[in-house]
Every structure is written in C-alpha cells, then in structure tokens.
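In what follows, a structure is listed as structure tokens, so that the remarks can point back to it.
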Amino acid sequence: MNQLTVRLPDGSERVLEDGATAADLAAQIGPGLAKAALTAVVDGTEVDLAASLTDGVTVELVTDRDERALHTIRHSTAHLMAQAILDLHPGATFAIGPPIEHGFYYDFELPDGKTLSDEDLAAIEDRMRSLVDEDQPFERHEISVDEALDLFSGEPYKVEMIKSFAGGAASSDDVGEISGDVVSYYRNSDTFLDMCTGPHVPTTGRLGHFKLQKVAGAYWRGDEKRPMLQRIYGTAWLNKKDLKAHLHRLEEAEKRDHRRLANEMDLVSWPEELGPGLAVWHPKGALIRTLMEDFSRQRHTEGGYEFAFSPHIAKSVLWETSGHLDFYADGMYPPMEMDGATYYPKPMNCPFHVMIYKSNQRSYRDLPIKIFELGTVYRYELSGAVHGLLRSRGFTQDDSHIFVTREDIAEQIADLLDFVLDMLRAFGFDDFQAKLSTRPEEKSVGDDEIWDMATEGLRSALDAHGLDYIVDEGGGAFYGPKIDVDVKDAIGRAWQLSTIQLDFNLPDRFDLEYIGADGDRHRPVMIHRALMGSIERFFGVLLEHYAGNFPAWLAPEQVRVLPVAEAHQEYAEQVASTLKAGGFRVDVDPATDPLGKRVRRGKVDKLPYVLVVGDDDVAAGTVGVNTRGEKDVDRDVTVEDFAARLHDDVDQKR
RNA sequence: GCCCGAGUAGCUCAGUCGGUAGAGCAACUCAUUCGUAAUGAGUAGGUCAGGAGUUCAAUUCUCCUCUCGGGCUCCA
C-alpha cells in the first residue's frame with residue numbers, strides 16, 4: 001500500500017496511508033487531539049477534517065481551543081440554524097448565512113410570506129439543540145453548475161447566486177462555493193443540505209455554545225429595491241465561558257447606552273412633540289455641552305481660526321450653486337416658500353463660509369483663510385435611521401473650511417492632523433484608526449496633479465504622525481480625497497468622529513479665486529473638516545465612553561458637600577462657597593436624609609467628589625474626601641489641599 | 001423608507017384568558033440629626049401613546065396613526 005508524508009507545524013513529519021484524512025492524522029497523533037480537532041489548515045488553507053491529504057503538504061490542526069476555530073464554529077452554527085428553521089417551517093428558502101464578528105446570521109424567506117418574531121427564536125434554538133444531540137456529520141460534496149441548478153431548483157436565491165456567479169464572471173468574494181464550474185455543498189441529513197464553500201466542523205455535536213439574538217429584516221443582496229428577507233442574528237463561541245462573557249459585555253454596553261444615561265442623568269430628552277431625531281438639552285446636559293464647546297472655541301482661537309455665524313436657512317439659489325440640490329436633495333428638509341422665494345434649511349455650513357470668502361478679493365497673502373463655526377444643520381434622516389444623539393435630524397457641527405493654495409495643501413493637512421488628535425486626546429481618547437480614501441474610479445472633478453498632490457499630502461501627514469491607517473482605494477468623494485479618524489472607546493467600540501475632506505468642486509462652482517504672487521487669478525482649494533463631527537453625536541459617544549462618569553472638567557456637579565448632621569450645615573456651606581469662589585461647581589446635600597443615603601446618592605449621581613464634613617472637620621478646617629471609583633475615604637484633608645487636587649484634575653482633564 | 005417588536009405613574013416594571021389598574025425608586029408631609037452605598041410612617045401621582053371598530057362593557061380583541069427599539073437601506 002502506498003503511503004504519504006505530511007509535515008506538522010513544528011517541522012516534524014508523519015507518515016500516513018494513502019487517502020488518509022486530516023482526521024486520521026489527528027487520530028494518529030493522539031486521541032485527545034482527535035477529539036478536540038475541528039478543522040485543518042493544509043498549506044495555509046483551512047479545510048474540513050474529512051479532507052484527504054496529499055503527499056508533502058504541511059498540516060496544522062485547529063482545535064476547539066483555537067481562536068481560529070471561531071469563524072468555522074459560527075459558520076456551522078448558521079447552517080445548524082437554517083436546518084432548524086427548515087424543520088420548523090418546511091418550504092423555507094435560504095439566501096446567505098455567513099459568520100460575522102461575534103456570531104452569524106442567516107437570511108431566508110418563509111413560505112406564504114410568513115414572518116417570525118422574537119418569540120419564535122426559542123423554538124428554533126430548542127430545535128438546534130436537538131440537532132446538536134443528533135451529532136449529524138457535515139458531509140462535503142462537489143458537483144457541476146448544471147447539477148447544482150438542478151439540486152437547488154427549489155431555492156430561488158441559491159439559483160440566482162449560482163447563475164450570477166457561475167464561471168467566475170464576477171467577483172466571487174461572497175460565493176466561494178462556486179469556483180469555475182464546480183459547486184460545493186454540505187449535507188447534514190436526508191432533508192437538509194446547503195450550498196457552501198466550507199469548511200465546517202465535523203459534526204453538529206461539536207456546536208452548542210450559541211444563542212439566537214434577534215430577528216430582523218434585510219434586503220436581498222443589500223438592495224432596497226429587492227425583496228425584504230428575514231434575518232436571524234446569533235452569537236456563537238468556543239465554550240460556555242466565552243459565550244457568557246460576551247452576553248455580559250452586551251449587558252454592560254446596554255447599561256451605558258447614552259439614551260438611557262441621558263434620561264437617568266437628566267441631560268437630554270426627546271419629547272414626542274418635537275419629532276423624531278430632535279432633542280432638547282436640559283440644564284445639566286447643556287452645561288456639559290457648553291464646556292465642550294468653550295473648549296473647542298478656545299482651541300480654535302489658539303489654532304488661528306476666525307469665527308463665523310450663518311443663518312439656518314437660505315434661498316434655493318445657494319443650494320443650486322453649491323450642487324446640494326442636485327446631489328443631496330433627498331437628505332435636505334423640504335423647502336419653504338416666502339416672499340416669492342424658496343428657502344431651504346441648511347444641511348451643511350460650507351456654502352455660507354464660501355460666501356464669506358467671496359465677500360472680498362483675496363490675495364495669496366491672505367491664505368490660508370480658516371473659517372470656523374459651531375453650525376447647526378438639519379438633515380432629513382430616514383425615520384428608521386434616527387438614533388438618539390448618534391443620528392439626529394438637527395445637529396451642530398464643529399465645522400471649519402480652510403481656503404488654501406494647492407501648494408500649501410500638504411502643510412495644512414499636517415497641521416490639521418495635529419489639531420485633530422490633540423482635541424480627541426483631550427476628551428480621553430487615545431486609540432485611533434485612520435482611513436485614507438482616494439480618488440474614485442468613476443467620475444470625479446479636478447486634474448490629476450491636484451489629486452496626486454492632495455492624496456500624497458494626506459498620506460504623508462498620516463505617515464508623519466505614525467498613525468495607523470487603512471487605505472480605501474477609490475473610496476473618496478468625487479470632489480476630493482479625505483481622511484476619517486475612528487476612535488476606540490472604553491469598551492473597545494470604534495466610532496468615526498473626525499473627518500478631513502478636500503474639495504476641488506465647491507471653489508469651482510462658486511468661482512472662488514485669489515490673486516497669486518504672479519498677479520494672476522488662481523483657484524483655491526477648500527478643506528472641510530470637523531473634529532467632534534456633530535457635537536450631539538460626540539456628546540453621546542462621550543457619555544457612553546465614560547459611562548456617565550464625566551471627568552471633573554466636564555462634570556456638571558463636581559463636588560457635593562454632605563454635613564454629617566444639621567449642626568454642620570453652616571460649615572458645609574462655607575466649604576461650598578470657598579470652592580465656588582475657586583471656580584468649581586459645588587452643591588450641599590443637607591442632613592435631612594441619613595448620611596449613608598446621601599453618600600449613596602452622590603455615588604449613584606456619578607459625582608467626581610463627595611465631601612463629608614462633621615465635628616472633626618469643623619474643628620480642623622478639613623473635609624473627608626470620597627473619590628469616585630475609590631472605596632477608601634480620605635479623611636482630614638484641608639479645604640486648600642482638596643481645592644488644589646480638584647484644580648489639578650480640571651487642568652489635566654481627568 | 002422597509003421588516004420585526006414595544007408603548008401602563010417622573011423612572012424601572014408587574015397586571016388584566018374583556019368588568020377602567022399595582023409595586024419599588026423618585027416627589028411631597030411628619031418624625032428621625034445620623035462619620036460613609038437605601039431610617040421609619042404617611043400623602044399624592046395614571047384618558048393604560050392617540051384615534052376608530054367589535055362588544056352590555058376595551059388598558060386588554062381588531063384596524064389605522066404617532067413615537068420608540070433592533071435590523072436593513074441611506075449618510076453627495
């Protein structure tokens with residue numbers, strides 16, 4: 001009998017019988033590994049354990065303790081769910097069911113337009129568990145396109161996939177199961193099979209640490225003109241502990257939901273009477289926002305910006321010239337007729353800043369001109385897209401337009417990137433991920449030279465800052481390349497906040513010019529940029545980032561003084577007014593409630609500091625300091641020392 | 001906008017297989033004056049999102065509208 005030799009990752013070799021599979025290899029190495037193995041990586045490609053090995057390959061076995069198995073587990077669990085759905089709802093037809101971050105989903109359609117609700121999830125999950133108990137094998141088969149069309153004739157979405165991608169006519173990224181004229185599928189039982197590229201775990205018995213999460217709608221192929229399919233999302237993990245930890249993280253994230261915290265902390269509300277996506281800022285929220293905006297203004301003053309204001313509406317001619325009515329009309333609020341003219345609420349501030357530029361003849365000596373405005377804009381967001389402060393219909397941008405010569409683009413961008421990162425760091429973010437979006441392949445405006453100059457300017461600024469970035473080739477707008485900056489928050493979620501966007505279009509549309517050193521007229525370039533982006537959204541992100549525990553410089557109430565008993569009320573007020581005189585935000589919580597209750601209230605209210613004052617303190621001129629997040633009380637601290645500490649916190653933006 | 005779900009006191013929620021509602025917290029009153037995460041007693045608070053229908057009777061069943069949530073799509 002012939003034999004074959006395979007190499008293991010540690011360099012050792014194993015001799016197997018001809019036709020042996022990865023599972024055979026695992027068994028030969030040891031029973032423990034045979035039990036733990038889920039898939040194999042053969043010469044860098046992940047395959048089923050049942051795949052036959054050939055002479056000379058390098059094989060690595062992926063076990064159920066290997067993070068790399070997650071992808072396969074999730075993918076197989078998606079199949080498991082599809083089988084359960086088909087069992088419970090015969091006649092269901094399936095589209096795609098890929099693994100995603102933390103889990104998987106599957107899109108499908110039930111016969112007669114039947115729909116599922118969250119209550120159906122439990123039944124599907126139960127059915128999945130019994131399929132796990134049945135320990136069905138995932139059997140791989142490969143057939144021709146014609147055979148596949150026949151096999152899947154009852155599955156219109158599968159047929160469409162086979163037809164549109166057969167022969168590798170188009171990108172086959174999402175349908176790896178079809179390569180050339182071979183289609184692979186997996187069979188689990190007499191009744192269930194699914195077109196799929198694999199690999200899968202050996203049997204359904206290897207699955208189990210999953211939970212179905214929600215049922216949702218999803219357009220077929222993500223196209224809103226195509227049918228709306230049903231989608232079930234689930235999560236799946238290597239073991240019970242990981243699953244539990246993930247569910248716990250979700251709960252924690254829910255606890256810091258900015259809409260919940262905004263309500264609990266009395267910061268912002270969304271009265272029904274205003275309409276979707278429109279918020280009112282309560283005094284405490286407004287105080288925090290004012291502090292944020294003041295800080296922004298201060299930074300912009302230091303950064304050499306000039307401030308501007310502009311109205312909330314303007315005549316249609318402005319939006320015709322800017323091109324917004326051509327390109328962005330769907331996102332704009334509807335027009336108002338007045339005095340024979342048509343007015344639109346502004347979706348962006350740029351045309352107004354252009355008007356300021358145009359109000360004078362500009363010389364190259366004037367450039368760059370940096371106009372800054374906290375400008376409130378209105379955008380018609382689809383009702384289903386509105387989401388608290390993170391996606392609203394009225395919001396304020398920390399918006400600036402920099403008018404610059406094309407020669408100065410690179411220098412300005414380098415400056416800007418400094419400015420952006422400094423600002424984000426001040427708000428407690430230090431994990432950044434940037435994205436450089438380059439010229440789109442289709443139509444775009446501007447000559448090659450300026451695109452190259454601008455794109456290189458952006459790229460070199462990113463390099464100079466050592467900023468981690470990805471390049472989105474062709475992802476730029478038709479009017480210029482851009483940099484977007486994502487930040488990671490305290491629980492690892494990424495938020496896109498800042499954007500630096502070049503524009504070769506608006507200066508043309510508005511016929512902007514400056515007189516160069518050569519005495520000729522030249523076209524400036526515009527840079528649009530927002531650091532926080534939308535103040536509302538930024539506030540929402542901050543609220544979630546800090547879980548409501550705003551650092552002292554932003555906390556609406558920085559200190560609360562608690563007299564132990566009524567006898568200490570006067571001293572408490574003295575301490576409070578001393579601190580107030582030092583510019584701090586301080587309140588006194590009188591001794592009408594027991595001390596323990598007031599301490600608790602102070603903690604629940606997320607105050608940076610709660611001071612307790614009693615007999616000892618009155619005598620010595622001290623306070624007892626409770627610091628947020630610390631269990632121990634710092635007794636006998638003089639008022640001066642405490643004030644210095646708080647001052648330091650505010651200074652350091654802690 | 002599309003799919004699914006939800007809307008009960010200021011907040012978090014219970015409840016009614018159709019007979020117009022209840023708890024905890026918060027608020028208010030009284031007592032308690034206390035050195036570190038909930039003192040006790042009491043009072044008040046609801047057109048059960050809005051409208052229509054079925055019914056002797058609707059918060060409950062049906063339909064429509066509004067708002068919110070989770071997705072999809074969108075975010076020149």
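A note on names: the letters A, B, ... follow the listed sequences, proteins ahead of strands, and every chain is numbered from 1. These numbers come from a predicted model, not from an experiment.
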| request: Select base, sugar-phosphate, or nothing to describe what A:Asp593 touches, counting heavy atoms under 4.0 Å on all strands. | output: base
| field | Nucleotide nearest A:Met348 (side chain, heavy atoms from C-beta), chosen from B:A37, B:C4, B:A76 | value | B:A76
| field | P gap between B:C4 and B:U62, integer Å | value | 15 Å
| said: If you compare every side-chain N and O of A:Arg393 against the phosphate oxygens of B:C74 (OP1, OP2), does one of them come in below 4.0 Å? | reply: no
| task | Check whether NZ of the Lys or CZ of the Arg A:Lys488 lies under 6.0 Å from the centre of the six-membered ring of A:Phe432 and within 45 degrees of that ring's axis. | result | no
| said: Among residues 373-383 of chain A, which ones have heavy-atom contacts with RNA chain B below 4.0 Å? | reply: A:Leu382, A:Ser383
| request: Could you tell me whether the side chains of A:Thr376 and A:Thr396 share a donor-acceptor contact shorter than 3.5 Å? | output: yes
| Among B:U33, B:A37, B:A76, which nucleotide sits nearest the side chain of A:His324? | B:A76
| query | So what's B:C68 paired with, Watson-Crick or G-U wobble, going by both distances under 3.5 Å? | reply | B:G5
| Do A:Phe539 and A:Trp281 have ring centres separated by under 6.0 Å? | yes
| message | With a 3.5 Å distance limit and no angle check, can you tell me whether A:Thr627 reaches the backbone of A:Glu630 through a side-chain donor-acceptor pair? | response | no
| query | Is any side-chain nitrogen or oxygen of A:His387 closer than 4.0 Å to OP1 or OP2 of B:G71? | reply | no
| query | Under 4.0 angstrom, heavy atoms only, what part of the nucleic acid is A:Pro276 near: base, sugar-phosphate, or nothing? | reply | sugar-phosphate
| Base B:C74 to side chain A:Arg391, donor-acceptor N/O within 3.5 Å cut-off | yes
| message | Between B:C61 and B:A23, how many Å separate the two C1' atoms, rounded to a whole number? | response | 27 Å
| request: Can you tell me, in whole Å, how much space there is between the P of B:U60 and that of B:U20? | output: 14 Å
| query | Taking atom P in both B:G10 and B:A6, what distance in whole Å separates the two? | reply | 23 Å
| task | Considering just the side-chain nitrogens and oxygens of A:Tyr328, establish if one lies under 4.0 Å of OP1 or OP2 belonging to B:C75. | result | no
| When you measure from the side chain of A:Asp616, which nucleotide among B:C34, B:G35, B:C2 comes out closest? | B:G35
| said: Quiz question: going by heavy-atom distance under 3.5 Å, is there a donor-acceptor pair between the base of B:U33 and the side chain of A:Glu566? | reply: yes
| query | Do A:Gln496 and A:Asp484 have a side chain donor and acceptor closer than 3.5 Å? | reply | yes
| task | May I ask you to establish whether A:Arg226 and A:Tyr219 are in a cation-pi arrangement, using a distance under 6.0 Å from NZ or CZ to the six-membered ring centre and at most 45° from the ring axis? | result | no
| For the base of B:G35, is there a side-chain donor-acceptor partner from A:Asp615 under 3.5 Å away? | no
| request: Tell me which of A:Phe478 and A:Val610 sits closer to the 5' end of RNA chain B, going by the nucleotide each one is nearest to. | output: A:Val610
| query | If we take the C1' atom in both B:G24 and B:A38, what is their distance in whole Å? | reply | 12 Å
| NA contact type, A:Asp326, heavy-atom cut-off 4.0 Å: base, sugar-phosphate, or nothing? | nothing
| query | Roughly how many Å is it from CD in A:Glu264 to P in B:A26, rounded to a whole number? | reply | 14 Å
| query | Could you give the CG-to-C1' distance, from A:Leu607 to B:A37, as a whole number of Å? | reply | 14 Å
| request: Would you kindly compare A:Lys631 and A:Gly222 by the position of their nearest RNA chain B nucleotide and give the one closer to the 5′ end? | output: A:Lys631
| Nearest-Å distance, CD (A:Gln496) to C1' (B:C75)? | 10 Å
| note | Separation of B:C72 atom C1' from A:Glu109 atom CD, nearest Å, is 15 Å
| Steps toward side-chain contact (heavy atoms from CB on, under 4.5 Å) verdict (A:Tyr479, A:Leu506) | CA-CA 8 Å; A:Tyr479 51 81; A:Leu506 272 193; over 6 Å; no
| Touch check for A:Ala218, heavy atoms < 4.0 angstrom, all strands: base, sugar-phosphate only, or nothing? | sugar-phosphate
| Which nucleotide in the set B:G35, B:C66, B:C34 lies at the smallest distance from any side-chain heavy atom of A:Val612? | B:G35
| said: Does A:Gly602 reach a base, just sugar-phosphate, or nothing at all? Heavy atoms under 4.0 Å. | reply: nothing
| Does A:Arg231 place a side-chain N or O at less than 4.0 Å from the phosphate oxygens OP1/OP2 of B:C3? | no
| request: With heavy atoms under 4.0 Å as the rule, sort A:Tyr233 into base, sugar-phosphate or nothing. | output: sugar-phosphate
| said: I want to check one thing: is the phosphate of B:G71, taken as OP1 and OP2, less than 4.0 Å away from some side-chain N or O of A:Lys214? | reply: yes
| Does A:Arg74 make a cation-pi contact with A:Trp237, if we ask for NZ or CZ under 6.0 Å from the ring centre and within 45° of the axis? | yes
| query | With distance as the sole criterion, do the side chain of A:Tyr219 and the base of B:G71 form a donor-acceptor contact below 3.5 Å? | reply | no
| Candidate nucleotides B:A37, B:G69, B:G71, ranked by approach to the side chain of A:Arg259 - the nearest | B:G69
| said: By nearest atom, which of the nucleotides B:G35, B:A76, B:G71 is closest to the A:Phe327 side chain? | reply: B:A76
| With rounding to whole Å, what would you report as the distance between B:A49 and B:U12 at their P atoms? | 15 Å
| Given the P atoms of B:C13 and B:C17, what is the spacing between them in whole Å? | 23 Å
| query | Whole-Å distance between B:C68 P and A:Asn263 CG? | reply | 14 Å
| task | Look at all strands and tell whether A:Leu116 reaches a base, only sugar-phosphate, or nothing, counting heavy atoms closer than 4.0 Å. | result | sugar-phosphate
| request: Can you tell me the pairing partner of B:C48 across any strand shown, Watson-Crick or G-U wobble, with both distances under 3.5 angstrom? | output: none
| query | Counting just side-chain N and O atoms, does A:Lys225 come under 4.0 Å of either OP1 or OP2 of B:G1? | reply | no
| Checking all strands, does A:Ala385 fall into the base, sugar-phosphate, or nothing category for heavy-atom contacts under 4.0 angstrom? | base
| pair A:Leu229-A:Tyr157: side-chain heavy atoms closer than 4.5 Å | yes
| request: Name the nucleic acid region contacted by A:Arg635, choosing base, sugar-phosphate or nothing; use a 4.0 angstrom heavy-atom cut-off, strictly under. | output: base
| query | What is the distance from CG of A:Asp605 to C1' of B:C25, rounded to the nearest Å? | reply | 13 Å
| task | List the atom of A:Ile483, the atom of A:Ala434, and the distance in Å for their closest heavy-atom pair. | result | CG2-CB, 4.3 Å
| Please give, in whole Å, the distance from B:G35 C1' to A:Asp589 CG? | 15 Å
| remark: Answer for the Watson-Crick or wobble partner of B:C28, both distances under 3.5 Å, is B:G42
| query | Which one is paired to B:C74, where only Watson-Crick or G-U wobble pairs with both distances under 3.5 angstrom count? | reply | none
| query | For the residue pair A:Phe478 and A:Phe327, does the interplanar ring angle fall in the parallel (under 30°), tilted (30 to 60°) or perpendicular (over 60°) class? | reply | tilted
| message | For the NZ atom on A:Lys244, are there more than 12 heavy atoms of other groups (residues, nucleotides or ligands in this structure) within a distance under 6.0 Å? | response | no
| task | For A:Gly384, answer base if it contacts any base atom (sugar-phosphate contacts may also be present), sugar-phosphate if it contacts only those atoms, and nothing otherwise; contact means non-hydrogen atoms under 4.0 Å. | result | base
| query | In whole Å, what is the span from the CD atom of A:Glu273 to the C1' atom of B:G50? | reply | 12 Å
| query | Nearest to the side chain of A:Lys597, which nucleotide is it out of B:A26, B:A76, B:U73? | reply | B:A26
| message | I'd like the P distance from B:A26 over to B:U39, given in whole Å. | response | 9 Å
